[in-house]
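Keep in mind that this is a model prediction, so the values were computed, not measured. The chain is numbered in sequence order, starting from 1.
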Amino acid sequence: MDLPEFFCYVSILSCLFPIMVNSIGINYGQIANNLPSPEDVVPLVKSIGATKIKLYDADPRVLKAFANTDVEFMVGLGNEYLDKMRDPTNAQAWVKENIQPHLPATKITSIFVGNEVLTLNDTSLSDCLLPAMQSVHAALLNFGLDKQVTVTTTHSLAILQTSYPPSAGAFREDLMDPLCETLNFHQKTGSPFLINAYPYFAYKGNPEQVPLDFVLFQPNQGVTDPQTHLHYDNMLYAQIDAVYSALASLGYKKLLVHISETGWPSKGDEDEAGATPENAEKYNGNLIKLMSGKTGTPMRPNSDLNIYIFALFNENMKPGPTSERNYGLFKPDGTPAYPLGITPNNVVGRNTTVGGGRFGNAVTNPYYPMSSSTGYMSISSARQRYQLLGHVVRMVPLLIIKTLV
């Protein structure tokens, strides 16, 4: 597709993505050989109302292209850089070369150092995580940038030992020491705690037991947390609240939680249940509706959701199953992978009834990663690979499942 055709597609996106949603974030992955130039991506991002981008590196082409656009950037330092970044001199050089030149024209607000490190079971990486984060933060401090650029890292939900009910959320005991070190860092520096959450993997792992409506934000009866009596009707919000509970149990109740990745593939292999355009449309479309309603989770109803959808494009060079190459909202030529069907008249906000169900309050599925053996794939995009985290998934009591089916 040539440039005029590409912009022709962008110009009609207002029909497919007609609502400008505040604070929507998008993951901009580039593991592909057929993507449009960063300059051509700018109008595409604006067409869907995205105001935040998570970039897996500090690609200067992208950062320059988005200068003076008011789009906020979270940039990444991959796991392969952790050992090098332990040295404050190296961190200083990296910040000077990759961050400082782009400010303030490009709004870089955060650097995530490492991706899902603590659940990789690699002590050579986990031992480097906090020192690398500290070195990068010290470099920002030296340049006077620490007030506008925070330092954080991303985590898989496999850091949870318990996630059901959400009020009983707890972190894995074997990760407690390195996790608490990073939590102390977040508390001291005011940086957010990042979680990658994929309800899709719960459904894929056991489609016969996991009600699809729960993972797709569709109308359903939902479940009630027996401790808090809070009602949930989507899995993602229950996962978020389980993380809030886990943090609160350790005394970090005030930490900000951002969902740095979530999404649904539009295509998969035969054994990848639910990977269809229709389900991807429902998941991402309904999620954007919830975000536009500015609703929080049942446990934190007044907190703004900071969610980054994965991903902007289908990426044809990603390894692994077919789904890995089909998470994009868009195809590489700029055409939508599927319509999200969002219009100003059907945006659903707090306490809005849709088809007999309720959006805006939240929903849990009856199928959770209950232990350190979480039975789902956790995408490690920054390392351009994925990890199989465990092999056993513990089910929520059958009684709860029966009430949902």
(message) Per the side chain to side chain donor-acceptor pair (under 3.5 Å) rule, what does the pair list look like for residues 58-75, sequence neighbours excluded?
(response) Gln30-Asp59, Gln30-Arg61, Asp59-Arg61
(message) Between Thr228 and Ser167 (side chain of the first, backbone of the second, donor and acceptor by atom type, cut-off under 3.5 Å), is there such a pair?
(response) no
(message) I'd like to know if the side chain of Ser163 reaches the main chain of Gly169, judged simply by a donor and an acceptor atom lying under 3.5 Å from each other, with no hydrogens or angles considered.
(response) no
(request) Could I get the full list of side-chain hydrogen bond (donor to acceptor under 3.5 Å, both in side chains) partners for Arg300, not counting sequence neighbours? (result) none
(message) Applying side-chain contact (heavy atoms from CB on, under 4.5 Å) to Ile53 and Met74, what does each step give before you reach the verdict?
(response) CA-CA 6 Å; Ile53 289 178; Met74 181 191 305; over 6 Å; no
(message) My understanding is that only residues two or more places apart in sequence, or in another chain, count here; which of them pass side chain to side chain contact (heavy atoms under 4.5 Å, CB included) with Met176?
(response) Phe171, Glu173, Cys180, Leu250
(request) Can you measure from CG (Leu63) to CD1 (Ile108) and round to the nearest 0.5 angstrom? (result) 5.0 Å
(request) Give the intermediate values and the outcome of side-chain contact (heavy atoms from CB on, under 4.5 Å) for residues Met291 and Ile307. (result) CA-CA 8 Å; Met291 293 169 64; Ile307 297 178; 4.1 Å; yes
(message) I'd like to know if the side chain of Ser156 and the backbone of Ala158 have a donor-acceptor N/O pair within less than 3.5 Å.
(response) yes
(request) Kindly confirm or rule out a cation-pi arrangement of Lys331 over Phe313, judged by NZ or CZ under 6.0 Å from the six-membered ring centre and within 45° of its axis? (result) no
(message) Can you confirm whether the side chains of Tyr252 and Asn184 place a donor and an acceptor under 3.5 Å from each other?
(response) yes
(request) Using atom types as modelled and distance alone, determine if a side-chain donor or acceptor of Ser245 lies under 3.5 Å from a backbone N or O of Pro166. (result) yes
(request) Answer yes or no: is there a side-chain heavy-atom contact under 4.5 Å between Thr335 and Phe330? (result) no
(message) List the residues meeting side-chain hydrogen bond (donor to acceptor under 3.5 Å, both in side chains) with Asp271, not counting sequence neighbours, and say none if there are none.
(response) none
(message) For Tyr200 together with Tyr203, are the ring centres under 6.0 Å from each other?
(response) no
(request) State, yes or no, whether a side-chain contact exists between Pro298 and Asp241 at a heavy-atom distance under 4.5 Å. (result) yes
(message) Walk me through whether Tyr338 and Asn284 qualify under side-chain hydrogen bond (donor to acceptor under 3.5 Å, both in side chains).
(response) CA-CA 10 Å; Tyr338 47 84; Asn284 287 321; 2.7 Å; yes
(message) Quick check for you: to the nearest 0.5 Å, what is the distance between Ile309 atom CD1 and Leu287 atom CG?
(response) 5.0 Å
(request) Enumerate the residue pairs fulfilling side chain to side chain donor-acceptor pair (under 3.5 Å) with a member in residues 100-111, sequence neighbours excluded, ordered by first and then second residue. (result) Ser110-Thr150
(request) Tell me, yes or no, whether the heavy-atom count around Gln148 atom CD, taken from other residues, nucleotides or ligands under 6.0 Å, exceeds 12. (result) yes
(message) Can you list everything that forms a side-chain hydrogen bond (donor to acceptor under 3.5 Å, both in side chains) with Asp57? Sequence neighbours excluded, please.
(response) none
(message) Between Val210 and Val215, is there a side-chain heavy-atom distance shorter than 4.5 Å?
(response) yes
(message) I need the minimum non-hydrogen distance between Ala50 and Ile26, along with the two atoms involved.
(response) CB-CG2, 4.2 Å
(request) Give a yes or no on whether the backbone of Lys282 and the side-chain of Asn286 come within a donor-acceptor separation of less than 3.5 Å. (result) yes
(request) Please list all pairs passing the ring-ring contact (aromatic ring centres under 6.0 Å, His included) test where one or both residues lie in residues 270-301, with sequence neighbours left out. (result) Phe217-Tyr283, Trp264-Tyr283
(message) Rounded to the nearest 0.5 Å, what separates atom CD1 in Ile259 from atom OH in Tyr308?
(response) 11.5 Å
(request) Measure the spacing between CE of Met235 and CD1 of Ile240 and express it to the nearest 0.5 Å. (result) 11.0 Å
(message) Quick check for you: to the nearest 0.5 Å, what is the distance between Ile24 atom CD1 and Asn306 atom CG?
(response) 12.0 Å
(request) For Phe73, enumerate each residue passing the ring-ring contact (aromatic ring centres under 6.0 Å, His included) test, keeping only those at least two apart in sequence or located in another chain. (result) Phe66
(message) When you compare the side chain of Pro199 with that of Thr262, does any pair of heavy atoms fall below 4.5 Å?
(response) yes
(request) Not counting sequence neighbours, which residues clear side-chain hydrogen bond (donor to acceptor under 3.5 Å, both in side chains) with Ser124? List them please. (result) Asp122
(message) Using side-chain heavy atoms (C-beta onward) and a distance below 4.5 Å, is Leu82 in contact with Val113?
(response) yes
(message) For a 4.5 angstrom cut-off between non-hydrogen side-chain atoms, does Leu230 reach Met299?
(response) yes
(message) Once side chain to side chain contact (heavy atoms under 4.5 Å, CB included) is applied, do any residues pair with Pro101, and if so which ones, sequence neighbours excluded?
(response) none
(message) Under a 3.5 Å threshold, yes or no: a donor from one side chain and an acceptor from the other, between Asn27 and Lys54?
(response) yes
(request) Would you check if Leu256 and Phe193 make a side-chain contact, meaning some heavy-atom pair closer than 4.5 Å? (result) no
(message) For Asp174 versus Arg172, what's the shortest heavy-atom pair and its separation?
(response) OD2-NH2, 2.7 Å
(request) Spell out, as yes or no, whether a donor-acceptor pair under 3.5 Å connects the side chain of Thr297 to the backbone of Tyr237. (result) no
(request) Could you tell me whether the side chain of Pro38 reaches within less than 4.5 Å of the side chain of Tyr28, counting heavy atoms only? (result) yes
(request) Please name all residues satisfying side chain to side chain contact (heavy atoms under 4.5 Å, CB included) with Thr322, sequence neighbours left out, ordered by chain then number. (result) Lys267, Asp269, Glu272, Arg325, Asn326
(message) For the CG atom of Leu183 and the OG atom of Ser191, what is their distance to the nearest 0.5 Å?
(response) 9.5 Å
(message) Using the rule given for side-chain contact (heavy atoms from CB on, under 4.5 Å), can you reason through Asn316 versus Ile31, listing the C-alpha separation, both sets of side-chain angles and the distance that settles it, and then say yes or no?
(response) CA-CA 7 Å; Asn316 68 341; Ile31 309 176; over 6 Å; no
(message) Treating Thr153 as the side-chain partner and Gly114 as the backbone partner, does any N or O pair qualify as donor plus acceptor under 3.5 Å?
(response) yes
(message) Quick check against the 3.5 Å criterion: does Thr152 have a side-chain atom that pairs as donor or acceptor with the backbone of Phe112?
(response) no
(request) Would you confirm whether Glu261, through its side chain, and Asn196, through its main-chain N or O, come within 3.5 Å as a donor-acceptor pair? (result) no
(request) For atom OH of Tyr81, decide whether the heavy atoms of other residues, nucleotides or ligands shown that lie under 6.0 angstrom number more than 12. (result) no
(request) Dump the intermediate steps for side-chain contact (heavy atoms from CB on, under 4.5 Å) on Leu212 and Asn279, then the final yes or no. (result) CA-CA 9 Å; Leu212 188 58; Asn279 287 339; 3.8 Å; yes
Anything under 3.5 Å between a donor and an acceptor, one on a side chain of residues 132-142, the other on a protein residue two or more places apart or in another chain? List them.
{"from": "Ser135", "atom 1": "OG", "to": "Met85", "atom 2": "O", "distance (Å)": "3.2"}
{"from": "Ser135", "atom 1": "OG", "to": "Arg86", "atom 2": "O", "distance (Å)": "3.0"}
{"from": "Ser135", "atom 1": "OG", "to": "Pro131", "atom 2": "O", "distance (Å)": "3.0"}
{"from": "Asn142", "atom 1": "ND2", "to": "Gln92", "atom 2": "OE1", "distance (Å)": "3.1"}
{"from": "Asn142", "atom 1": "ND2", "to": "Ala138", "atom 2": "O", "distance (Å)": "3.4"}

(request) For the pair Asn314 (side chain) and Pro332 (backbone), establish whether a donor and an acceptor sit closer than 3.5 Å, ignoring hydrogens and angles. (result) no
(message) Checking Asp225 against Tyr164: is there a side-chain donor and acceptor pair closer than 3.5 Å?
(response) no
